[in-house]
Amino acid sequence: MSPPLAKAVQQQPEIMAGPGGEQQKEKEASAAPLHLVVFPWLAFGHMIPFLELSKRLAARRHAVTFLSTPRNVARLPPVPEALSGRVRFVALPLPAVDGLPEGAESTADVPPEKVELLKVAFDGLAAPFADFLAAACASDDDRSGGEQEAGLFGRRPDWIVVCAMFGIFTATASVYFGTPEENTKNPHVTAEDFMAMPRWFPSTSSSLAFRPYEAAWLAAATQPNASGVGDGERFWRTMPHCRLFAIRSCPELEPQMFPLLAELYSVPVVPAGLLLPDDRRDDGDHDNSAKVVARSGALHWLDEQPLGSVIYVALGSEAPVTADGVHELALGLELSGARFLWALRLPSGATDAGAAPLLPDGFEARTRGRSAVCTGWVPQMQVLAHAAVGAFLTHCGWGSVIENLKFGHPLCRSSSTRGSSRG
């Protein structure tokens with residue numbers, strides 16, 4: 001890890017500080033606090049970064065209302081007590097949609113083919129969201145006694161800025177995707193279109209290109225789904241209304257991309273930092289059942305392994321897995337002879353009893369003594385922080401890459417997951 005990047009990772013709690021150091025902090029302390037509302041997409045890969053951003057904002061004396069659905073609010077990790085008075089959760093009822101399983105409120109609750117139905121339900125939150133804003137903007141005289149709220153959340157806002165985009169992806173990805181205008185001049189619709197670098201992208205290598213299956217995933221994001229609009233179109237429709245574009249990244253990682261992104265969209269682009277969760281906490285838990293057992297099992301097993309000897313294998317909490325992909329990965333791990341801890345996520349709706357068919361016959365017996373396969377929840381930040389871990393085999397989702405940056409493990413990219421439409 002380069003010195004500038006290491007410094008950037010270490011300074012992540014000082015998110016969006018900018019130049020000026022202590023003077024900047026004093027200026028912020030004397031300014032009137034803002035009340036911000038955040039409303040992430042219904043995926044924990046979005047909600048957790050939004051929550052980390054909310055905590056950073058609350059630490060700077062601002063008030064944050066975090067909107068989601070009842071079940072998601074219940075599954076989010078708690079806010080530190082010192083910030084609890086400045087972050088509140090408001091649950092909006094998710095409307096029922098034909099074909100969407102009962103109780104499904106996040107992408108973790110549905111198989112990949114049903115995520116588009118979740119987008120239909122998400123669009124149905126427009127009315128509850130409008131009601132929330134109307135109540136928040138009502139004058140004190142218009143509020144009933146039961147709706148009066150104390151402190152920062154009880155005051156009628158003096159003004160409203162609509163809206164800011166917070167991107168949980170890299171600035172590079174947003175630049176690559178481009179603007180509607182650029183895509184009108186140079187259409188990117190088919191997989192073949194996405195296998196060539198866009199003319200506005202500052203590639204230094206003519207050989208840099210997406211693989212066919214990667215390009216196919218990008219092309220699919222441009223096509224309308226059950227909600228009637230593609231994911232790319234949603235992004236393009238939203239950006240003209242944004243006064244600010246915040247990115248979960250930093251210039252030390254992407255020095256060329258931040259100014260280019262600001263130029264493309266003609267809005268200020270703010271590096272929000274990497275928003276690393278505290279590795280001493282259990283952030284990211286989407287299901288409290290068997291949490292203690294899974295946690296103690298994974299970390300206890302690591303305690304018994306030599307320093308730097310274990311490959312940690314995790315392919316994301318929501319990336320789609322197939323039996324063929326898991327079999328290929330399992331056989332590769334077996335042939336490697338290496339020690340490994342595998343956080344094997346079961347397909348949506350499966351139970352621990354359903355794990356065996358995913359693994360080759362006799363796999364666990366043949367690798368016993370040098371492996372651990374955990375199908376329950378695994379505390380990823382604590383695993384990556386463990387001295388026994390020496391490498392990370394991952395699908396290279398941006399959240400996992402960011403978490404690994406703190407610890408500097410070599411990354412091995414797995415191709416056993418091939419994208420998804422989970423948004």
For this session: Give a yes or no on this: more than 12 heavy atoms of other residues, nucleotides or ligands lie within 6.0 Å of atom CD of Glu254.
Result: yes

Problem set entry | Residue Asp98 excluded, over 12 heavy atoms near CG under 6.0 Å | no

Would a distance-only check, ignoring hydrogens and angles, find a side-chain to backbone donor-acceptor pair under 3.5 Å from [X] to [Y]?
{"X": "Arg248", "Y": "Leu274", "value": "yes"}
{"X": "Trp236", "Y": "Gly178", "value": "yes"}
{"X": "Gln305", "Y": "Ala388", "value": "no"}
{"X": "Arg368", "Y": "Phe363", "value": "no"}
{"X": "Glu105", "Y": "Arg71", "value": "yes"}
{"X": "Lys119", "Y": "Ala226", "value": "no"}
{"X": "His300", "Y": "Ala298", "value": "no"}
{"X": "Arg370", "Y": "Ala338", "value": "yes"}
{"X": "Glu116", "Y": "Asn225", "value": "no"}
{"X": "His409", "Y": "Leu384", "value": "yes"}

Exercise. Is a salt bridge present between Asp361 and Arg366, judged by a nitrogen-to-oxygen distance below 4.0 Å?
Worked result: no

With a 3.5 Å cut-off and no angle check, do the side chains of [X] and [Y] form a donor-acceptor pair?
{"X": "Glu334", "Y": "Thr367", "answer": "no"}
{"X": "His386", "Y": "Gln382", "answer": "no"}
{"X": "His35", "Y": "Thr65", "answer": "yes"}
{"X": "Ser227", "Y": "Arg234", "answer": "yes"}

Seminar exercise, completed: Between Leu76 and Met47 the two heavy atoms that sit nearest each other are CD2-CB, 4.0 Å

Problem set entry | Pair His46-Phe169, side chain to side chain contact (heavy atoms under 4.5 Å, CB included): steps then yes or no | CA-CA 9 Å; His46 290 241; Phe169 304 109; 4.1 Å; yes

Problem set entry | Residue pair Lys55, Glu81: steps toward the salt bridge (Lys or Arg N to Asp or Glu O under 4.0 Å) verdict | CA-CA 11 Å; Lys55 291 191 289 187; Glu81 187 175 352; over 6 Å; no

For this session: Go through the steps to decide whether Phe50 and Phe166 satisfy the test ring-ring contact (aromatic ring centres under 6.0 Å, His included), and finish with yes or no.
Result: CA-CA 8 Å; Phe50 268 76; Phe166 173 44; 4.9 Å; yes

Problem set entry | Between Phe210 and Phe194, ring centroids under 6.0 Å | no

For this session: Could you walk me through whether Cys396 and Arg413 pass side chain to side chain contact (heavy atoms under 4.5 Å, CB included), step by step?
Result: CA-CA 6 Å; Cys396 283; Arg413 204 265 189 194; 3.4 Å; yes

Exercise. Would Arg345 and Leu315 count as a side chain to side chain contact (heavy atoms under 4.5 Å, CB included) if you check the C-alpha gap in whole Å, the side-chain angles of each, and the deciding distance to 0.1 Å?
Worked result: CA-CA 8 Å; Arg345 185 188 64 83; Leu315 305 182; over 6 Å; no

Seminar exercise, completed: Which of Val401, Ile402, Thr170, Leu405 passes side-chain contact (heavy atoms from CB on, under 4.5 Å) with Leu253? Answer is Leu405

